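First comes the structure, then the notes that go with it.
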Amino acid sequence: MVRTRFAPSPTGYLHIGGVRTALFNWLFARQHGGQFILRIDDTDEQRNVREALQPILDGLRWLGIDWDEGPEVDGPYAPYYQSLRAQRYEAAVQQLIATGAAYWDYALAEELQLERESAQADQRSFRYSRKWSAESPSDRQRFEAQGRTGVVRLKMPQSGKVTIRDQIRGNVEFDWGQEQDHVVQRADGTCLYHLATVVDDYDFQITHVIRAEEHLSNTPRQVFIAQALGYPVPEFAHLPFVAEPGSKTKISKRKLQKYLKHHDFAQLMQHASTIMQRLGDVPDAESFNPILVGFYQRIGFLPQSLLNYFLLLGWSLDEKTEFFGRDEMIAQFSLGRVNHAPASFDPAKLMSFQDHYMRGLPIKQKVPLVLAYLQEAGWVTTPPACDVGPYLLQVLAAIGDRLRVSGDILSFDEFFVDDEQLAVDPQVVAKCLATPESRAILHEYQATLVDIAPFDSNSLEQHTKGFLAARSLKMGQLVHGLRVAVTGKAIGCGVFETLAILGRERCLRRIGRLLEQIL
RNA sequence: GCCCCCUUCGUCUAGUGGCCCAGGACAUCGGGUUCUCAGUCCGAAGACACGGGUUCGACUCCCGUAGGGGGUACCA
C-alpha cells in the first residue's frame, strides 16, 4: 500500500512550491490506489496554529487535493500535528541513547565554534570531537554540576559510505565521514525536525517520501536515525525546486517585493489589483501575491488551470501533451519523468492555462462563478432576482473569451450599473465624438433605434448596415461613438450584442444622456 | 572551505549515439480576419554552458572547467 504525505508548517500561506510538492505526492498516492496524508509540522509553537493552518487547508481543498488522513478528517494514526507528538519523539530519543546511536552532549556554543573555526582554517569539513560527550550518568552529573545543559546528539558513523536510493535521481552516495553529530533533542527537551520527521513517517506508515530537493543533503542523517530505530527506510524522491521567475533560486515567500519587479509578475498583480479595487477590498500586501495560491483563488482562477500548470512545472509526459484533466494526471504521472533541474515559475504561462480552461468552460458553469463577484461588488442582490440567471447567460455569451478570470466580470459594469451611475471615460468621448459630424450621426442613429423590432443583435446589425449604407458611411464612423455612449468605454463586447442585452430603453437613455452632456 | 544536486530557445520542456543543421508549448515580433478589445488563422525569430576525450558518428557516454542551486543550525 502506497502512503505519501505533505507536511506543511502552519505559516498562514500556501505557496506554489508547496502546492507542487503536495500535488506530486497526491498524484502518486492516487495513481497507486494509496493514501495521501497531511501532517502538520507545527513545532514552532508561537503562532496560532488553527488560524495559520486554515488558508493552507482551504487552498488544498479548493484545488481538489484531498487528504485521507490529517487535520479535520483525522485517521487511525491521529494526532497528525507534530506539536502533539512530543512523547513519541522523546521515546525515540531514549531508544537512540539506549542503543548507543546517540549521546548526551554538554559542549558550549563557543567550544563548538572554536572547533568549527579550526576546521575551517585547515580547509577540512568540521566534525565535532565529542570531547564533552557524556558516557555515563556520572559524566552527566559532572557536566551539569559545572552548570552546563545537555543536548542529545546523533553518534554518526565516522567512515564508510551510504547510498540513498532516489526515484528521481538514482543512487546518490554520501560519505558518513562528512556527516555531523547532529542534535536531535534541544537543551529544553524539545526535538528537532529530522528526528520528528523520521518518527512520524514511520508511525504513519509512509512508504514514499516525496519532497523538495533541499532535503536531499539531509537524507543520510534521517536514514541513520531510521536504521538506528529499526525502522524500514522509505523510498525517496527529491523534487527540483520551483525557482523564482527568471532565476534558478528557490522561490521564497520572503521576497515578495522583489518578484513584483518582474514584468509578468507585475502585470498579473496589476490585473488582480484592478479586480480588488472594484470589489472595494484592500488586500494585505504580504498575503496577496502571485506566489500564493490564495491570490488565484481570490481573483477567480480555475483550480484546473493551477493544477495543470503545476503538473508541468518539473514534469512532462512527452513532447506534445500539455492539457491534463484530473483523471489523466493521475493516470499518467510518474516519478521517473520528473525533471532534475529547477523550474522557474512563469506567471504568463500559468495565465495561458487559465485562458485555455476558461475558454473551454460552458457558459452555464461560468454563471455561478461570476455571480459571486457581482454580489460582492453589490451589483447583484443576494439572493439574486430570478431573471438574473438568464441575463447573465446573455452577458457571458457576449463577453466570450474576454473573461479570463471570474473577477473580470467586474470590468463589464455597463451591464450591471444604473444608467446614471455608468462611468463614461471623457478621453474616449473626446476621441470618438470629437467632430460635430460624428455627434450628428449618433444623434440620427439614436432616433432610428426606436423602430427596430425585434431589438436583438441580428436586427440591430442589419438595421445599422442599412443606415450606414444609405448615408455612405463606414461602420467605424458610428460604432466607436455608439459604444462609448452605451458602455462608457472604448473597448468591450460586440456593439450590437451589447445594445441587445441592454435593451432599447437603456440604450436610448444612455445615448441621449451623453449627447446632452457634450452638445 | 567541505559535501550533494543541476546545466537544451527569454520561460516550461521533448530528446537514452545516427530519425536533430534539435521538436512542442508560453511569451515576443510580423501578417490575415473582425465595429473596438479579446479571440482565431498564417508566418518569423530564438537553445544543446565551455574544453577535452571515446566513437565512423555525440545534445545524448566519460573526464575536467565554469556557472547556478542546496546542505553544512539547539530552522524546517
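Order of the sequence lines sets the chain letters (A, B, ...), proteins ahead of strands, with each chain counted from 1. Nothing here was measured: the structure is a model prediction, and the numbers come from that model.
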Could you check how far [atom1] of [X] sits from [atom2] of [N], rounded to whole Å?
X      : N      : atom1 : atom2 : result
A:D188 : B:rC75 : CG    : P     : 9 Å
A:N308 : B:rU13 : CG    : P     : 14 Å
A:K489 : B:rA38 : NZ    : P     : 16 Å
A:E497 : B:rU36 : CD    : P     : 13 Å
A:R165 : B:rC4  : CZ    : C1'   : 19 Å
A:D318 : B:rU16 : CG    : P     : 13 Å
A:Q222 : B:rG71 : CD    : P     : 13 Å
A:D408 : B:rC37 : CG    : P     : 18 Å

Say we look at [N] and [M]: how far apart would their [atom1] atoms be, to the nearest angstrom?
N      : M      : atom1 : value
B:rG71 : B:rU55 : C1'   : 38 Å
B:rC29 : B:rG52 : P     : 39 Å
B:rC50 : B:rU40 : P     : 36 Å
B:rG32 : B:rA49 : P     : 39 Å
B:rA76 : B:rA66 : C1'   : 32 Å
B:rG46 : B:rG23 : P     : 12 Å
B:rC20 : B:rC37 : P     : 40 Å

Just compare [options] and give me whichever is closest to any side-chain atom of [X].
X      : options                : value
A:E322 : B:rA76, B:rA25, B:rA73 : B:rA25
A:H182 : B:rU72, B:rC35, B:rG71 : B:rU72
A:R169 : B:rC5, B:rC35, B:rU13  : B:rC5
A:E214 : B:rC35, B:rA76, B:rC6  : B:rA76
A:F496 : B:rA38, B:rC35, B:rA76 : B:rC35
A:R483 : B:rU72, B:rA25, B:rU36 : B:rU36
A:L216 : B:rC4, B:rC75, B:rA73  : B:rC4

Considering every strand and a 4.0 Å limit on heavy-atom distances, what is the contact class for [X]: base, sugar-phosphate, or nothing?
X      : answer
A:R127 : nothing
A:G476 : nothing
A:G400 : nothing
A:A348 : sugar-phosphate
A:A187 : base
A:R116 : sugar-phosphate
A:E173 : sugar-phosphate
A:V172 : sugar-phosphate
A:F174 : sugar-phosphate
A:V151 : base
A:H194 : base

Is there a donor-acceptor contact under 3.5 Å linking the side chains of A:D408 and A:Y373?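 Checked: A:D408/A:Y373 side chains show no N/O donor-acceptor pair below 3.5 Å.
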Could one point to a donor on the side chain of A:K349 or the base of B:rA25 with an acceptor on the other under 3.5 Å away? yes
Can you confirm if the NZ or CZ of A:R85 lies within 45° of the ring axis of A:Y81 and under 6.0 Å from the centre of its six-membered ring?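 Not satisfied by the 6.0 Å and 45° rule.
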Between [X] and [N], does any side-chain N or O lie under 4.0 Å from OP1 or OP2?
X      : N      : result
A:S316 : B:rA14 : yes
A:N339 : B:rA14 : yes
A:H480 : B:rU36 : no
A:R20  : B:rC12 : no
A:T464 : B:rC35 : no

By nearest-nucleotide position on RNA chain B, the 5'-leaning member of A:A119 and A:R402 is A:A119
Most 5' of A:D346 and A:C493 on RNA chain B, judged by nearest nucleotide: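 The 5'-side residue here is A:D346.
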Counting C-beta onward and ignoring hydrogens, is there a side-chain heavy-atom pair between A:Q180 and A:L154 closer than 4.5 Å? no
With a 3.5 angstrom cut-off on both distances, give the Watson-Crick or G-U wobble partner of [N], or none if there isn't one.
N      : answer
B:rC2  : B:rG71
B:rG64 : B:rC50
B:rA44 : B:rU28
B:rC56 : B:rG18
B:rA38 : none

Report yes if the distance between the aromatic ring centroids of A:H215 and A:Y193 is under 6.0 Å, otherwise no. yes
Verify whether the ring centers belonging to A:F324 and A:W315 lie closer than 6.0 Å. yes
Can you tell me if A:Q427 has over 12 outside heavy atoms packed within less than 6.0 Å of its CD?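 12 or below, so no.
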Where at least one partner belongs to residues 462-477 of chain A, residue pairs that pass side-chain hydrogen bond (donor to acceptor under 3.5 Å, both in side chains), sequence neighbours excluded: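 Output for this query lists A:E444-A:R471, A:Y445-A:T464, A:T448-A:H463, A:E461-A:K465.
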Residues that A:Q446 engages under side chain to side chain contact (heavy atoms under 4.5 Å, CB included), provided they are two or more places apart: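 Residues passing side chain to side chain contact (heavy atoms under 4.5 Å, CB included) with A:Q446: A:H443, A:L508, A:I511, A:L515.
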Taking only N/O atoms, report every protein-nucleotides 58-69 of chain B pair under 3.5 Å with atom names and distance.
| unit_1 | atom_1 | unit_2 | atom_2 | d |
| --- | --- | --- | --- | --- |
| B:rG69 | OP1 | A:T249 | OG1 | 3.3 |

Show, in sequence, the C-alpha distance, side-chain angles and deciding distance for A:Y357 and A:F301, and conclude whether the ring pair (Phe, Tyr, Trp, His ring centres under 6.0 Å) test is met. CA-CA 9 Å; A:Y357 285 108; A:F301 264 69; over 10 Å; no
Determine the sole option in A:R148, A:R140, A:E111 for which the side-chain hydrogen bond (donor to acceptor under 3.5 Å, both in side chains) test with A:Y106 is passed.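 With A:Y106 as partner, A:R148, A:R140, A:E111 yield a single side-chain hydrogen bond (donor to acceptor under 3.5 Å, both in side chains), made by A:R140.
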Tell me whether A:R153 contacts the main-chain N or O of A:Q185 through its side chain, where contact means a donor paired with an acceptor under 3.5 Å. no
Output yes when a side-chain donor or acceptor of A:D42 lies under 3.5 Å from a complementary backbone atom of A:P10, and no otherwise. no
